[in-house]
Amino acid sequence: MKPVMHKMTLSGLCLTILLSTGSMVQAAGPFFPRQTVYNFGGGYSPTAFYGYRGIYGGGYYGGYPGYYGGYYNDGSSLIRAQGQAQVDQSKAMINYQEANSKYIDNQKKLAETYVARQKALRESIHEKAEIDKELAQQKQAAIEAQKEKNLKLQESGLSPYYNAASSQDSETLNASQLNPATGEISWPESLMGPEYAESRQKLQELYSLKNSTGITSSLSQEINDEAVKMKSILRGQIKTMLPNDYLAARGFIEGLINMGKTSRTG
């Protein structure tokens with residue numbers, strides 16, 4: 001009896017092992033069927049994680065957009081982006097080179113213009129200096145000639161400052177010296193010194209008044225008195241002036257006196 005029971009127990013154990021093995025064989029195939037879930041040793045077979053499309057859209061490696069079959073596995077987009085970046089960088093470098101070349105050209109033109117202007121300025125200064133030098137030589141030559149003439153006059157007993165062709169009663173002024181319409185006086189350079197400023201202003205006021213109201217005896221006397229005052233200042237400079245300048249200045253003052261007399265209508 002015991003051997004029989006022992007055999008039955010052994011047979012049952014073998015059957016149990018076979019059934020378990022069959023389950024394991026069946027459970028070994030979860031990697032291929034996509035929707036079959038097996039109880040594998042108290043848990044779920046890997047089909048639940050790798051083969052079921054309903055959870056991860058076709059499997060962790062089969063259809064998830066991002067690694068092998070989705071958005072990131074397409075290398076052409078990255079290549080295109082890199083290529084566009086290189087094109088943009090090349091264009092930027094070309095634009096920079098063109099801008100830099102234009103800047104250099106502009107700076108060169110500015111430098112050339114500056115050099116040309118400086119050269120023209122130097123030439124102008126040199127030319128003016130030459131003209132001034134020539135004028136100074138001409139003036140000095142005139143002074144020397146006048147000195148020689150004055151010396152000859154002195155040797156003959158005549159004064160170099162005496163002008164026999166003119167007298168106080170015959171001197172007059174033309175329209176460029178005394179404007180008959182406005183009474184404005186155009187003074188010669190020899191009477192433009194600061195020592196004549198007061199007399200110039202006074203005589204100008206008197207002639208402006210004469211032009212607006214007409215000449216009167218009192219106005220004529222004021223003109224004469226101020227002109228005589230100016231002639232007195234001129235006489236004090238006789239030794240420092242060229243004879244021609246002195247005679248011209250004296251004649252101008254005498255002309256003012258004659259143009260302000262009541263017997264004249266101008």
Side-chain angles (χ1 to χ4, degrees), residues 127-266:
E127 183 178 356
K128 184 178 183 301
E130 291 294 328
I131 294 174
D132 292 342
K133 181 179 179 181
E134 183 178 356
L135 291 176
Q137 291 174 350
Q138 292 176 359
K139 185 176 181 180
Q140 185 63 32
I143 292 174
E144 295 297 331
Q146 188 63 48
K147 285 182 179 180
E148 184 178 355
K149 183 179 179 180
N150 293 343
L151 181 60
K152 291 180 179 181
L153 287 172
Q154 289 175 354
E155 290 175 352
S156 66
L158 297 175
S159 173
Y161 298 100
Y162 175 73
N163 187 357
S166 65
S167 64
Q168 183 174 352
D169 295 333
S170 62
E171 288 288 350
T172 58
L173 301 179
N174 57 39
S176 63
Q177 295 172 316
L178 177 62
N179 192 322
T182 63
E184 183 179 357
I185 302 171
S186 298
W187 298 96
E189 184 179 356
S190 55
L191 296 176
M192 288 300 294
E195 63 274 15
Y196 300 105
E198 185 177 349
S199 295
R200 287 199 308 267
Q201 182 179 357
K202 181 64 176 179
L203 285 168
Q204 182 60 72
E205 292 174 355
L206 293 172
Y207 266 94
S208 297
L209 181 62
K210 171 183 176 293
N211 184 73
S212 60
T213 63
I215 192 63
T216 62
S217 58
S218 61
L219 184 58
S220 178
Q221 187 62 45
E222 288 186 63
I223 292 174
N224 181 81
D225 294 343
E226 195 62 42
V228 170
K229 180 180 177 181
M230 178 176 274
K231 189 162 41 171
S232 177
I233 298 173
L234 176 66
R235 190 176 297 111
Q237 297 179 330
I238 190 172
K239 294 182 179 180
T240 60
M241 295 180 66
L242 291 174
N244 288 344
D245 292 342
Y246 174 82
L247 293 174
R250 189 189 69 178
F252 190 91
I253 297 173
E254 291 172 353
L256 288 175
I257 294 173
N258 293 332
M259 299 295 285
K261 290 181 177 179
T262 56
S263 60
R264 291 180 177 273
T265 58

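All heavy atoms count here, side chains included; hydrogens, waters and symmetry mates do not.
A salt bridge links Lys128 with Asp132: the distance from a Lys NZ or Arg NE/NH1/NH2 to an Asp or Glu carboxylate oxygen falls below 4.0 Å. Looking at Arg250 and Glu254, a side-chain N of the basic residue comes within less than 4.0 Å of a carboxylate O on the acidic one, giving a salt bridge.
With rounding to the nearest 0.5 Å, the separation of OH in Tyr207 from CD1 in Ile215 is 7.0 Å. Between atom OG of residue Ser199 and atom CD1 of residue Ile253 there is a gap of 8.5 Å, rounded to the nearest 0.5 Å. Atom CG in Leu178 sits 7.0 Å away from atom NZ in Lys210 (nearest 0.5 Å). Going from atom CG of Leu203 over to atom CD1 of Ile223 covers 7.5 Å, rounded to the nearest 0.5 Å. Taking CG of Asn211 as the start and CG of Leu206 as the end, the distance is 12.5 Å to the nearest 0.5 Å. Here the CG atom belonging to Asn224 is positioned 8.0 Å from the NZ atom belonging to Lys231, to the nearest 0.5 angstrom.
The main-chain N or O of Val228 is never found under 3.5 Å from a side-chain atom of Ser232 such that the two would form a donor-acceptor pair. Of the possible donor and acceptor atoms, one in the side chain of Gln177 sits under 3.5 Å from a partner among the backbone N and O of Asn174. Although no hydrogens or angles enter the test, the distance criterion places no donor-acceptor pair under 3.5 Å between the side chain of Asp245 and the main chain of Ser190. At distances below 3.5 Å, not a single donor-acceptor pair connects side-chain atoms of Glu226 with backbone N or O atoms of Arg200. Thr240 contributes a side-chain N or O that, together with a main-chain N or O of Gln237, makes up a donor-acceptor pair within less than 3.5 Å.
Here the shortest heavy-atom pairing between Leu234 and Tyr196 reads CA-OH, 3.2 Å.
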Go through the steps to decide whether Glu171 and Phe252 satisfy the test side chain to side chain contact (heavy atoms under 4.5 Å, CB included), and finish with yes or no.
CA-CA 8 Å; Glu171 288 288 350; Phe252 190 91; over 6 Å; no
Please report the C-alpha distance between Ser217 and Gln221 in whole Å, then the side-chain angles of each, then the deciding distance to 0.1 Å, and finally whether the side chain to side chain donor-acceptor pair (under 3.5 Å) criterion is met.
CA-CA 6 Å; Ser217 58; Gln221 187 62 45; over 6 Å; no
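No more than 12 heavy-atom neighbours from other residues, nucleotides or ligands sit within 6.0 angstrom of CD on Glu184. Within a 6.0 Å sphere centred on CD of Glu198, heavy atoms belonging to other residues, nucleotides or ligands number 12 at most. Within 6.0 Å of CD in Glu134 there are 12 or fewer heavy atoms belonging to other residues, nucleotides or ligands. More than 12 heavy atoms of other residues, nucleotides or ligands lie within 6.0 Å of CD in Glu130, so this atom counts as buried by the packing criterion.
Side-chain contact check for Glu222 and Ser218: no donor-acceptor pair (N or O, by modelled atom type) lies under 3.5 Å.
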